[in-house]
Amino acid sequence: MLAKIYITLKKDVLDPQGSVIANSLKSLGFNNIEDVRQGKFIEVKLNTENKETANKQLNEMCEKLLANLVIEDYKVEID
Amino acid sequence: MLAKIYITLKKDVLDPQGSVIANSLKSLGFNNIEDVRQGKFIEVKLNTENKETANKQLNEMCEKLLANLVIEDYKVEID
Amino acid sequence: MKSHVIVFPGSNCDRDVAVAIKNISGHQPQMVWHKESSINQSDLIVVPGGFSYGDYLRCGAMASTSPIMQDVVKKAKEGVPVLGICNGFQILIESGLLDGALMRNSSLSFICRDILIKPKNQSSVFTKKTQVAKMPIAHNEGNFFVTSEQLKKIQDNDQIAFQYCDENGNVSEHSNPNGSLENIAGILNENKNVLGMMPHPERAAELAHGCEDGKTIFESILN
Amino acid sequence: MTNHNWQFQTERSLVENHGLKLDEFEKIVEGLGREPNLTELGIFSAMWNEHCSYKSSKFWLKKLPTSGDRVVQGPGENAGVIDIDDGDVAVFKMESHNHPSFLEPYQGAATGVGGILRDVFTMGARPVANLNALRFGEPNHPKTKHLLSGVVSGIGGYGNCIGVPTVGGEVNFHPSYNGNILVNAMTVGIAKKDKIFYSAAAGIGNPVVYVGSKTGRDGIHGATMASAEFDEDSEDKKPTVQVGDPFTEKLLLEACLELMKEEAIIAIQDMGAAGLTSSSIEMASKGDVGLEIDLSKVPMRAQNMSAYELMLSESQERMLMVLDPSKEEMARDIFKKWDLEFEVIGKVTDTKRLILMMNDKEEASIPINILVEDAPEYQRDYIVEEPSPIKEYKSEDFDQNNILKDLNTMIMHPDLSSRKWIWEQYDHMVMADTVVRPGSDAAVVRVHGTNKGLAMSTDCSPVYCKHNPYEGGKHAVVETWRNIIASGALPIAITDCMNFGNPEKPEIMGQFVECIRGMGDACSKLNYPVVSGNVSLYNETNGEGIYPTPAIGGVGLIKDLSNVKTLSLKNEGNLLCVVGKSNNHLGNSKYMTIVHNKEDGGTPEIDLDEELKNGHFVLELINKQLVESSHDVGEGGILIAVAEMCIAGNLGITIDEDKEFSHRFYFGEDQSRYLLEIRPENFDQLKQLSESNNVVFEKLGVVDQAIIKINNLNEIKVSELRNNFESGVGNI
Ligand SMILES: Nc1ncnc2c1ncn2[C@@H]1O[C@H](COP(=O)(O)OP(=O)(O)O)[C@@H](O)[C@H]1O
Ligand SMILES: [Mg+2]
């Protein structure tokens, strides 16, 4: 089973990467950029067919390791 | 308009970060991990309502800056 | 002899490389701000180390789109020697002057220490004077990667400038600090007038550095 | 106290949540002649907390010696300044970022480095070196690995990017830090003596300018948090941790230094803890003027920020300046060139008040003097506990056949093993002036473009301090002094970072008082004044305080870089000699704590006359070119020091047969000692010199191939020791 995890910075947390990327894009001529935020996208292949346990496990992985809950939010998606 | 961009390593490019994460997860007791790949997730807020031009622009951004086509693939999604 | 050092907002080895060039050649290189759009006639353009735009997104990616890099690419194609060190190497790759990609070190951590390299190509304007040489590396993303077709191409065309090695010049996994394919520490373009390398010759360029092996690269290109 | 005593309109819980005591609140009301509004309450709370007001420590800090021939600026400004000849000065300071680093190790440590860098470049200095003093819990504590790797990558992440080499530091592991790690960062910078910038605002009507990053909701209540004890709920305080942006700091550094070349800046102050609040009040107070600020002009990153939030935000990479109005446009162009915010947000006034406006409404009006001069100051009760008694050990107490086995055990312990795993993650060579890299006693950094250098080292032994705070305080100072001497430099001055538990507990306050007394005595004797420092109190978790940890950062000057010494042995056949008396003190030594797991037996005592004499003797020998390599004898004793010299030089030693063959001798931690490698033909001359200087100087052995032999039966290969030495910290 393939799961997708999206990790994004919390709303009010400074995203230095995002703002530098936004500036670069603007200087490349993409003038209608309003904001850019950079996060992580993690694909996890799990050896299980049970969506429910998988979902529980994936959330646990995020809490324990993948996301830094001090500054990040996460979202889990299972195909 | 909010667009989402997923940047992933090409299939046959080694992902050292992914394998370290996989090992850490296994050592935390998640034994059914088969594989982990880490990529980037970029959210772009665009000042436009035209999906078509937006889509074209976003693909251009990826080609020109956001993705390194030697090692990465990208995917654009518009809400 | 006229040389130029490109300065990005996050460059931090620009001064170091200028000092090395001055000490070795007697000439003061001209510093060129990234927002400028062209460089005068030049005998050597150096893209120095640092964190050009914070190294956000991907090292060197944003620098490669800056106005000055368009001119560096143009000059390089006209045959002007261009040397990219560390972040400079990353920028040259991102701007398409060199093949491949520089990925995160296999240890996943920043590495700052002395390593040894030896030239594979021994005839280019940059590499012809260097033997097995000691100099520092200091980077997070120096893990060189190319596809197997590209590798074959750069091998066949003698574009591998330097490889990580041991005291005796042996190239082995043991002497590879960052996971680079074929222990590659530096590569040349097809015409051999563009060199990108991860190690810092400017940090091994005078007695106070404890080692002067890096001088040979500058001597080779500056004289 | 119960609720019915509360006679104010302001909710009592609101006051308490701001960390203010009842009588402190009364003082505010008295000073203002009314109750404060919320914004004002926030401002008082930030200014009067321990971190900004030094209310528990001020009285004692004043006792430290702070003047000397080379002191240009002592404590009280953003950083201390010392004269290093030729019109050059060194500017340095150390600061703690303990609590934020425990909550979010990467960002906590990174922003700690960012903060101390700003303290130094605000004064007009270009930062040339970073150091860090770190304490973690036990190596096998479940949190240690995560905290260690996060902190180290955060320090590297910031320093590497901004391009300032991280050249040294120290790390300890001890259970007393299990719930409260210490992250102390030090920066050293270089400036011209006639181009130092201060924070005193001046010139009524002059513009107050905000530069750097935009303000967001980062770290609101950060300063209040740093002064509060941890408890089980501290997880809730997480969202207050700030995120650092070293790239923007690099821009800010270059833009500030560029503007500083012009005669434009009248006063400048970085926004550190308590952001706009402390920076604006500091500038007004130092200049004895008022400031009027229009908060709606502050560049904002988040929407709908209130006056309260704007004043208390701890967004990083920001500065406040008072400019010469005729230079405003020129200054604006410089900051524009570097893509930074530049906004005139107010002006200097003669009201001696801080007046805050927002959208034409007055949000606060506070007389500066009640914020600063009337800030609470406590002379807290203290108890000085009896130091642990010194224990005498006999040679027969330990199995002498185990000496080299014990050496092996000790050298692979995280407290004594190589810190290479750490410093390889730091760019310690950028700027191309690092002459002595990490791994020796003091790091040496060349003053760019000259042949002189600065030597620097950070040290403290918390176990020594715990068992005898007075001797421990002396030791921390003296250890940096010795490290600097061993590198061939003249020690000049120190900065400190006083990390302690809850000062409201008399035993903790007693530790503080005694450490200060010890530090003061050592500084006075050695002519080694304190020029800057920082206090971090309330380092406790669930009522358990950390060990007293007065981390010291010392700086020395070496006038001729060709005299620099390192600890690596140079040549076979040379002699290795010991300077200083060995008294076999084993109490609380690394041998006892690591091999026998016994933390007792007292702290070794330091004879400061002896220290001074021995140090000057070593420096004289180095300057006379009589020394090949040198190393001080520190934690672990003589044999550990010998092993470090052998590993670094890839050579061995045959120790003289007549040396007392005992653990007491090899692992005793007697103070004021050095190991010197000398050429055999110089021995007689040196012996004579030592006698005329009344210094104990003895031959220990002969430098040999890469094997350490301490008698015919006991030997160990240096390569084996190296493998163990280098395995330590990275394997945690
Ligand atoms: N956190 C650190 N960062 C950088 N260098 C460090 C750190 N900790 C220790 N070092 C370096 O390791 C070496 C040994 O440190 P330490 O054991 O404190 O030495 P000493 O006992 O001589 O003071 C020194 O060169 C020191 O600067
Ligand atoms: Mg030390």
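Residue numbers begin at 1 in each chain, while the letters A, B, ... track the order of the sequences.
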Sidechain-backbone polar pair: D/Asp433 side chain, C/Ala208 backbone, donor-acceptor under 3.5 Å: no
Looking only at heavy atoms, the pair that brings C/Ala138 and D/Asp427 closest together is CB-OD2, 3.6 Å
Residues D/Ala432 and C/Asp16: closest non-hydrogen pair is N-OD2, 3.5 Å
*Other residues, nucleotides, ligands: >12 heavy atoms within 6.0 Å of D/Lys570 NZ*: yes
Tightest non-hydrogen contact, residues D/Asp245 and C/Tyr56, listed as OD1-OH, 2.5 Å
The interface call for C/Arg113 against chain D, heavy-atom contacts under 4.5 Å, is both
For C/Lys35 and D/Lys336, the nearest pair of non-hydrogen atoms, with its separation, is NZ-O, 4.0 Å
Assign the ring pair D/Trp338 / C/Trp33 to parallel, tilted or perpendicular, where the plane angle (0 to 90°) is split at 30° and 60°.
-> perpendicular
If one checks every heavy atom of D/Lys337 against chain C at 4.5 Å, the contacting part turns out to be both
Around D/Lys214, counting heavy atoms of other residues, nucleotides and ligands shown, do more than 12 lie under 6.0 Å from its NZ?
-> no
Honestly, the part of D/Leu251 sitting under 4.5 Å from a heavy atom of chain C is side chain
The interface call for C/Val19 against chain D, heavy-atom contacts under 4.5 Å, is side chain
Cut-off 4.5 Å, heavy atoms of chain D, and the answer for C/Ser11 is backbone
Of all heavy-atom pairs linking D/Cys161 and C/Gly54, the shortest is SG-CA, 4.2 Å
Under 4.5 Å to a heavy atom of chain C? For D/Glu254 that would be neither
When the 4.5 angstrom heavy-atom criterion is applied to D/Ser149 and chain C, the contacting part is neither
Item checked: Residues, nucleotides or ligands: over 12 heavy atoms within 6.0 Å of D/Lys559 NZ -> no
From the list D/Lys250, D/His428, D/Arg446, D/Glu424, the residue making the most non-hydrogen contacts under 4.5 Å with chain C is D/Glu424
In short, C/Ser109 meets D/Gln425 closest at the heavy-atom pair CB-OE1, 3.9 Å
C/Lys134 atom NZ: more than 12 heavy-atom contacts under 6.0 Å:
no
Working for side chain to side chain contact (heavy atoms under 4.5 Å, CB included), residues C/Arg203 and D/Val430:
CA-CA 8 Å; C/Arg203 297 187 189 181; D/Val430 61; 3.4 Å; yes
field: Close side-chain approach of C/Cys112 to D/Trp423, heavy-atom, < 4.5 Å
entry: no
Quiz item: For C/Gln131, does the CD atom have more than 12 heavy-atom neighbours from other residues, nucleotides or ligands under 6.0 Å away?
Solution: no
